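Scroll down for the structure; my scribbles are underneath it.
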Amino acid sequence: MDEMSNFLAVSTIGSALFGIIVFIISVIAFWKIFSKAGFSPWMSLLMLVPVINFIAFLYLAFADWPALKGQSQQLEHQPLE
């Protein structure tokens with residue numbers, strides 16, 4: 001029985017470490033995505049809140065990105081060759 005409790009302790013610690021690593025990587029990745037899109041990188045913390053993360057993801061997908069506003073105006077005014 002003692003071996004089983006040791007196994008459970010190790011697997012619980014391993015799962016917790018894996019969760020923390022995934023948590024950190026997710027925050028860093030969404031921080032970069034929101035920054036490159038021209039939004040506040042602090043919005044990446046919304047991705048950690050259930051239900052709100054889905055709404056933030058949809059907003060990111062369908063909103064006009066501030067970082068691309070200048071590019072779309074440049075493309076509209078370029079003459080065709």
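Computed from a prediction, not measured in an experiment: that's the story for all the values here. Numbering starts at 1 and runs along the sequence shown.
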Original post:
Who are the ring-ring contact (aromatic ring centres under 6.0 Å, His included) partners of Phe57, not counting sequence neighbours?
Top reply: none
Original post:
Can you name the residues that form a side chain to side chain contact (heavy atoms under 4.5 Å, CB included) with Ala37, not counting sequence neighbours?
Top reply: Phe39, Leu60, Trp65
**OP:** Tell me, please, which residues at least two apart from Ile24 pass side chain to side chain contact (heavy atoms under 4.5 Å, CB included).
**Re:** Ile20, Ile28
Original post:
Hydrophobic cluster mates of Ile21, side-chain heavy atoms under 4.5 angstrom, ILVMFWY only, any path?
Top reply: Ile25
In a table with atom names and distances, give each donor-acceptor pair under 3.5 Å that connects a side chain of residues 7-15 to protein atoms at least two apart or in another chain.
unit_1, atom_1, unit_2, atom_2, d
Ser11, OG, Phe7, O, 3.1
Ser11, OG, Leu8, O, 3.1
Thr12, OG1, Leu8, O, 2.6
Ser15, OG, Ser11, O, 2.9

Original post:
With the 4.5 Å side-chain cut-off for hydrophobic clustering, are Val27 and Met43 part of the same group?
Top reply: no
Subject >> Nearest-0.5 Å distance that lies between atom CG in Leu46 and atom OG in Ser40 >> reply: 9.0 Å
Subject >> Distance in Å, Asn53 CG paired with Leu58 CG, rounded so as to fall on 0.5 Å steps >> reply: 10.0 Å
Original post:
Is there any ring pair (Phe, Tyr, Trp, His ring centres under 6.0 Å) pair reaching into residues 16-35, and which pairs are they, with sequence neighbours excluded?
Top reply: Trp31-Trp42
Subject >> Atom of Gly38, atom of Pro66 and distance for their closest heavy-atom approach >> reply: O-CG, 3.6 Å
Subject >> Minimum-distance pair of heavy atoms, taken over all atoms of Ala56 and Met47 >> reply: CB-SD, 3.8 Å
